[in-house]
Amino acid sequence: MCKPIANETIPESEDNSKTISSDGDTAGARRTLATGTLVSGISIFFLICGLSLTFPQMQSRRDELGCDALCYGSMTSVRGALGLVGTALIGRLSDRNDSLLAKSLGSVGKGGNNSGRRGCLLLGIIASLLGLIIALDDSLIGLWLSMIPGAFLQHNFDVFKSLLSEYHNDVDNVKDKLENDAEECEESLPIPSRSSSVGKLGMTVGISFMIGPMFAAGANPSFQSATYIAIFCILVSGASIFIIPLPLASSKPLCNEKPDTCETQQSNEFTLSKMIKLQTPKTRAAMTLLVIRLNMALAFHIFNTIWPASLKARFQFGPSDHARFMSFIGITYALSQGFVAKRMINALGTNGKVHCICCTMLGIGRYIAFHTDHLVVVYAAFLFIINALGILNTVITADTGTIASKNEIGKLFGILQASESAAGMVGPVLGGTISHYLGKDAPLLAVVGIYTFLFFFMSWGYDGLVLYITPSRFLSIHRRMQLVLQGIHCQLGTLSPMHILVEPRIIFCHHFVCHH
């Protein structure tokens, strides 16, 4: 426990007022986090349920309208290209509260303040509704056009992740202020809390992805009926966005100047060119996450070029089999995000060890699932695969939220999601080319090779490049150094004041906190 400096006194009334104010801020930030997480879950649940209702009918609808393999392949490529541009655009727009979108759509709802995130969420709802309405047209052109609005503008899941990160930043900022006022030295560990919020959101996505196809397979509605139900669900999702609370920081000017000119001074650290140049510790951390996300998406899309055909050849998979398999994936992902990820992170921490275990499970699991002749083994292998993906996504999303400031969270999430869209464009072509020239097993070996690379890459650099530059760890280390330099005697376990002063990594962290 920390002991106060000798002969230092604090006026009782002033101390009490600070404590009351800090406690109120903490309670308000936590209430906003809890309410925002709940409303975000409700909105994404109805959105994914609505969109997934039409999934079982899409293949038959493409066949009815004469969309052959070339047509479907070109649609997939165009969707990937639109997603590549759209995710980066929406990510940047969601960070700006002074844009036309924030002042129009973003100003409608609880609080009445301009919000780029709320504007982007409502824009995604409008795009989804427009796509479903266009899809009601029984023509190949209508099928093509219906894909465009959602692929380009509907990225609500990424915006929700940015919003949750901003809620947590508010909580962390209030906690740091409270610790500084009270001169405490206990280390703040926000990562499990972030992982819990991200896990709840991911669990909601998994459940909704399971319920939508299951309902469609059981009720077997026509495409038009499924579309009308989907429109109703998306309207409910949009209505919930109007009551979502804004982060505390979004209700205040971004600096001490006039509100009209305040947001023009936003930082511009997370651009692709700066990330490639690796100019700062934060851009190096962001680039590390980009390499991981890009390779994971590339492995998925390469594997997906041979996986459906393999299921059909070995087990004669039909539409009902695919529906059951998708439902199993949905419920497994939901359980992974809601329970498994949190417990594994609490047990092992967020260090590179977790990532290495997950990469091992992914590589071995996909290899076994592709080669086994027993369907039970396939389901068992995917039980480990989906849990590994859920844990990795939870940890990476939580760490992403701690790297960027509130003005650039959306931009960073957009860049990372854009890398996955790029992998969606390149992966199928690369997988097909490898399979054509090197044999049907070659894409699987390429996937295992990618996971092997990620295993060594994350075991080598994740802890040093990502974990030790997150703001919470900087503030904790900086606070410890302040306490030592002030002569406060703190219980720091095996870490003595001399170790703190001579440890190079901590000296670097202290330098970064002081000068950045």
Side-chain angles (χ1 to χ4, degrees), residues 59 62 67-85 87 147 151 276 287-317 321-322 325-326 329 355-356 358-375 377-382 384-386 388-389 392-393 396 416-460:
Q59 182 59 55
R62 285 193 294 265
C67 184
D68 55 12
L70 178 61
C71 168
Y72 180 63
S74 58
M75 284 182 65
T76 303
S77 297
V78 172
R79 179 186 293 274
L82 290 172
L84 177 66
V85 178
T87 49
M147 172 266 299
I276 292 175
M287 194 63 187
T288 301
L289 296 177
L290 187 145
V291 170
I292 295 171
R293 292 280 293 266
L294 177 64
N295 278 276
M296 286 177 60
L298 197 61
F300 168 80
H301 287 290
I302 292 176
F303 185 77
N304 208 40
T305 59
I306 57 176
W307 179 241
S310 173
L311 286 176
K312 186 175 182 179
R314 287 179 294 162
F315 309 110
Q316 292 75 47
F317 250 47
D321 298 308
H322 279 290
F325 192 62
M326 289 173 62
I329 290 176
H355 304 76
C356 294
C358 291
C359 284
T360 303
M361 292 168 61
L362 287 169
I364 295 176
R366 291 199 186 277
Y367 187 88
I368 293 174
F370 186 80
H371 282 293
T372 184
D373 291 326
H374 303 284
L375 188 58
V377 178
V378 172
Y379 274 85
F382 264 81
F384 286 95
I385 290 171
I386 300 304
L389 286 172
L392 272 178
N393 287 332
I396 291 174
L416 295 179
Q417 187 61 37
S419 70
E420 294 189 0
S421 299
M425 297 171 58
V426 176
V429 177
L430 184 59
T433 303
I434 293 174
S435 178
H436 179 75
Y437 288 103
L438 301 178
K440 64 177 184 178
D441 289 340
L444 177 64
L445 297 177
V447 169
V448 174
I450 290 174
Y451 287 131
T452 303
F453 161 75
L454 287 176
F455 177 92
F456 288 106
F457 178 74
M458 288 190 283
S459 62
W460 163 75

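Keep in mind that this is a model prediction, so the values were computed, not measured.
- Side-chain contact between Arg314 and Thr372 is present, with heavy atoms from C-beta onward closer than 4.5 Å.
- Closest heavy-atom contact between Met75 and Met147: O-CE, 3.9 Å.
- Taking both residues in full, the closest heavy atoms of Ser421 and Gly80 are given as CB-O, 3.6 Å, listed atom of the first, atom of the second, then distance.
- In this structure, Phe457 and Phe453 have parallel ring planes: the angle between them is below the 30° cut-off, well short of the 60° mark.
- Asn393 places a side-chain N or O within donor-acceptor distance of the main-chain N or O of Leu389, the cut-off being under 3.5 Å.
- Scanning both residues, Leu290 and Ser419, for their nearest heavy atoms gives CG-CB, 4.1 Å.
- Looking at every heavy atom in both residues, His301 comes nearest to Gly427 through CB-CA, 3.9 Å.
- Aromatic ring orientation, Phe370 versus Trp307: tilted (interplanar angle from 30° to 60°).
- Of the candidates Leu289, Thr288, Asn295, Val291 forms a side-chain contact (heavy atoms from CB on, under 4.5 Å) with just one, namely Asn295.
- Annotation: Phe384, atom CZ; neighbour count of heavy atoms from other residues, nucleotides and ligands within 6.0 Å does not exceed 12.
- Contact check for Ile302 versus Ile450: side-chain heavy atoms found under the 4.5 Å cut-off.
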Which side-chain N or O atoms in residues 428-437 pair as donor and acceptor under 3.5 Å with protein atoms at least two apart or in another chain?
{"from": "Thr433", "atom 1": "OG1", "to": "Val429", "atom 2": "O", "distance (Å)": "2.8"}

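- Closest non-hydrogen pair, Ile306 versus Leu444, comes out as CD1-N, 3.9 Å.
- Applying the side-chain contact (heavy atoms from CB on, under 4.5 Å) test to Ala422 and every residue at least two apart in sequence or in another chain returns Leu84.
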Inset, instruction - Evaluate side-chain contact (heavy atoms from CB on, under 4.5 Å) for Leu392 paired with Leu362, printing each intermediate quantity in order. - result: CA-CA 11 Å; Leu392 272 178; Leu362 287 169; 3.8 Å; yes
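- Taking the side chain as every heavy atom from C-beta outward, Leu454 and His355 never approach each other to under 4.5 Å.
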Inset, instruction - Determine, step by step, whether Glu420 and Thr87 satisfy the side-chain contact (heavy atoms from CB on, under 4.5 Å) criterion, reporting the C-alpha distance in whole Å, the side-chain angles of both residues, the deciding distance to 0.1 Å, and the verdict. - result: CA-CA 10 Å; Glu420 294 189 0; Thr87 49; over 6 Å; no
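- Residue-environment remark: CZ (Phe325) exceeds the threshold of 12 foreign heavy atoms within 6.0 Å.
- Arg366 contributes no side-chain N or O that, together with a main-chain N or O of Phe300, makes up a donor-acceptor pair within less than 3.5 Å.
- Atoms CH2 and SG, on Trp460 and Cys356 in that order, are 13.0 Å from each other to the nearest 0.5 Å.
- The nearest pair of heavy atoms linking Arg293 to Gln417 is NH2-OE1, 3.5 Å.
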